[in-house]
Structure formats: structure tokens, C-alpha cells
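Below is one structure, written out as C-alpha cells; the observations come after it.
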Number of protein chains: 2
Amino acid sequence: MQTQQLDRTFAALADPTRRAILMRLMEGDALLKDLAKPFEMSVPAVGKHLKVLEDAGLVSRRRDAQRRPCHLEAEPLKIAVDWLEEYRQFWEARYHQLDALLAEKNDE
Amino acid sequence: MQTQQLDRTFAALADPTRRAILMRLMEGDALLKDLAKPFEMSVPAVGKHLKVLEDAGLVSRRRDAQRRPCHLEAEPLKIAVDWLEEYRQFWEARYHQLDALLAEKNDE
DNA sequence: TTGTTTATAAACCAACTAGTTTAGTATTAT
DNA sequence: ATAATACTAAACTAGTTGGTTTATAAACAA
């Protein structure tokens with residue numbers, strides 16, 4: 001099942017540092033040391049966040065000499081959006097109901 | 001900022017019990033005791049999950065005698081989707097690039 | 001008024017999270 | 001050979017999470 005995938009994806013997204021890292025990676029691949037720069041925390045700490053993102057499949061890394069560049073992977077985000085889309089129907093239905101109510105009221 | 005809102009929303013969604021509760025609430029309002037039934041865990045445990053959902057603004061509760069019916073609130077889910085939608089552009093761009101590459105290859 | 005239903009509070013526990021520092025490993029550059 | 005760069009591992013800590021059980025409160029029903 002993909003429920004564990006959802007667990008890991010949403011948990012990974014539940015932290016502002018990790019969301020900022022993803023933002024940064026949208027601009028292009030990056031090294032840990034550069035990803036760590038904007039944050040007031042140690043390099044190993046950012047390395048741990050990176051591991052959470054890797055475990056969720058949101059980031060992949062390749063080898064380049066002593067470097068390990070990070071690359072954004074979109075697939076798990078798609079799965080998360082798909083899950084949330086189910087709810088869009090719910091709230092859109094609610095707003096349509098509300099629209100209908102207001103229209104009715106205007107007709108009075 | 002809404003970054004704390006996103007923190008709480010994604011954290012709330014990162015648990016299968018809580019996602020199941022939200023699913024259930026899409027069908028209509030429900031009491032804690034009924035929400036707890038499908039799970040192999042105590043009522044207070046489900047009550048705690050409910051509190052996480054409440055704190056994230058995903059669930060509201062009203063009073064009805066000794067009962068406290070739960071109601072699904074869609075707004076925070078919209079904020080979460082909005083955040084994720086930024087990424088849709090990213091991955092859609094990637095797939096368009098891929099499409100272009102494949103088309104090019106077919107033309108050879 | 002006594003009991004039943006529904007929910008919450010409190011105390012506890014094991015496991016996990018997010019950070020630290022210190023030390024170590026690879027790989028490259030001089 | 002040595003030193004610098006980029007990363008990882010290990011050990012530790014404080015705080016949080018997700019569950020338990022037991023007890024209590026609040027509202028209603030007999």
C-alpha cells in the first residue's frame with residue numbers, strides 16, 4: 001500500500017527546514033554544504049533532514065568525487081496531491097452549496 | 001506567516017489513523033466514540049488524534065448534550081494543496097521536457 | 001437519586017525527533 | 001605525503017509523539 005509512502009511524505013513536509021530545502025532544490029541540484037548555509041544549524045543537522053527527505057523519496061543523490069549532489073524528485077509529491085485532491089471535491093461541494101444558498105437569498 | 005499552519009497540517013496528515021478519521025468525516029459529522037470504533041485502540045487515544053486535528057484546524061467540534069460532534073474543516077487542506085501546487089509546475093515542466101526529448105528522438 | 005453515556009484529565013511509558021559535538025572516512029588538490 | 005573539502009557516524013540530550021490505564025466530569029434517563 002502507499003499509506004506508508006504518504007506517512008513519510010507528509011511527515012517530511014511537516015518541517016519548515018525541509019520545505020525550504022525542497023524549495024531550494026527546485027532551482028537546481030545542490031550540495032549539502034550549500035543547502036546548510038542559510039540555516040542556523042550544523043551541517044550534520046541538515047544532513048539528517050536530507051536523510052528524511054531521501055527516505056521519503058523526495059530527494060535523490062548521486063556521486064561526484066567527494067561530493068553528493070542532491071536532486072529533487074517529484075513523484076511522492078504527486079501522490080500527496082492526489083490524496084488531497086479527493087478532499088477538493090468535498091470543499092468545492094461545500095462552496096457550491098454556499099453559493100446556491102446565497103443566490104437563493106438574493107432571489108428573495 | 002502560515003508556515004506554522006503548514007507544519008501542523010502536514011504533521012496531522014502524516015498519520016494513517018488521522019487520515020482515516022478525516023475520510024470518515026467527509027461522510028458527515030461524527031462522535032468520538034463512533035470514530036474510535038474501527039480502530040484497535042482506546043477511546044482516549046483516538047481523542048488525542050482528534051486533538052491534533054483540531055489544533056491543525058482540520059476538525060471543529062460543537063456541543064450537543066454530553067456529546068461533542070466532530071466536523072471536517074476544509075480550509076487548512078486548501079492551504080496545503082496551494083503549497084504543493086507550486087511544485088506541480090516543477091514536475092510538469094520536467095515531464096514536458098521529457099516529452100520534447102522523446103519527440104526529438106522519434107524524429108531522428 | 002442512581003446509573004448510563006460520552007468525553008476528558010492525569011500519570012505514566014517506550015519510541016522517535018531534532019538538535020548538538022566530536023571524530024572519522026573518502027576523495028581531491030598541492 | 002599532507003592538507004583541505006565534503007560528507008557521515010556515533011554518542012548524547014531534551015523534548016515530542018502515540019499509546020496505555022485509571023479516574024473524573026458532565027449531561028441525560030430511569
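Chain A is the first sequence line, chain B the second, and so forth, proteins listed ahead of strands; every chain is numbered from 1.
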Checklist entry - Going by modelled atom types, is there a donor-acceptor pair between the base of C:dT6 and the side chain of B:Gln66 at under 3.5 Å? => result no
Checklist entry - Just how far is it from atom CG of B:Leu22 to atom CG of B:Leu35, taken to the nearest 0.5 Å? => result 10.0 Å
Checklist entry - Between C:dT27, C:dT8, D:dT8, which one does the side chain of A:Leu32 approach most closely? => result D:dT8
Item to check | Test item: A:Arg63 side-chain N/O and A:Arg68 main-chain N/O as donor-acceptor pair under 3.5 Å | outcome: no
Next on the checklist: Expressed as a whole number of angstroms, how long is the span from A:His49:NE2 to D:dT8:P?
Outcome noted: 15 Å
Next on the checklist: Expressed as a whole number of angstroms, how long is the span from B:Arg67:CZ to D:dC28:P?
Outcome noted: 8 Å
Item to check | Proximity to the side chain of B:Arg18 - top-ranked nucleotide from D:dG19, C:dT6, D:dG18 | outcome: D:dG18
Checklist entry - Starting at CZ of A:Arg63 and ending at C1' of D:dC7, how long is that distance when rounded to a whole Å? => result 8 Å
Next on the checklist: Please classify the nucleic acid contact of B:Lys33 as base, sugar-phosphate, or nothing, using heavy-atom distances under 4.0 Å.
Outcome noted: sugar-phosphate
Checklist entry - Over how many whole Å does the gap from A:Glu54 atom CD to D:dT8 atom C1' extend? => result 12 Å
Checklist entry - At what distance, to the nearest 0.5 angstrom, does CD of B:Glu75 lie from OG1 of B:Thr9? => result 10.5 Å
Next on the checklist: Distance check needed: D:dC7 P versus A:Lys37 NZ, whole Å only.
Outcome noted: 10 Å
Checklist entry - Is any side-chain N or O of B:Arg68 closer than 4.0 Å to OP1 or OP2 of C:dT8? => result yes
Checklist entry - B:Ala45 near the nucleic acid: base, sugar-phosphate alone, or nothing, with a heavy-atom cut-off under 4.0 Å? => result base
Checklist entry - If you find the nucleotide of DNA chain C closest to A:Glu40 and the one closest to B:Asp34, which residue's nucleotide is nearer the 5' end? => result B:Asp34
Checklist entry - Rounded to the nearest Å, what distance is computed from the NZ atom of residue B:Lys48 to the P atom of nucleotide C:dC13? => result 14 Å
Checklist entry - B:Pro44 side chain: which of D:dT22, D:dT8, C:dA7 is closest? => result D:dT22
Next on the checklist: Please confirm whether the shortest side-chain N or O distance from B:Arg61 to OP1 or OP2 of C:dT8 is below 4.0 Å.
Outcome noted: yes
Checklist entry - Could you state the NZ-C1' distance from B:Lys51 to D:dG18, rounded to the nearest angstrom? => result 14 Å
Checklist outcome for this item: Contacts of A:Val52 and B:Leu31 projected onto DNA chain C by closest heavy atom; the upstream (5') one is B:Leu31
Item to check | Nucleotide C:dA18, atom P - distance to CG of A:Leu50 in whole Å | outcome: 14 Å
Next on the checklist: Can you tell me how the ring of A:Phe10 sits relative to the ring of B:Phe10, calling it parallel under 30°, perpendicular over 60° and tilted otherwise?
Outcome noted: parallel
Checklist entry - Would a 4.5 Å heavy-atom cut-off, applied to side chains only, mark B:Arg18 and B:Leu58 as touching? => result no
Checklist entry - Of the nucleotides C:dT21, C:dT28, D:dT22, which one has an atom closest to the side chain of A:Ser42? => result C:dT21
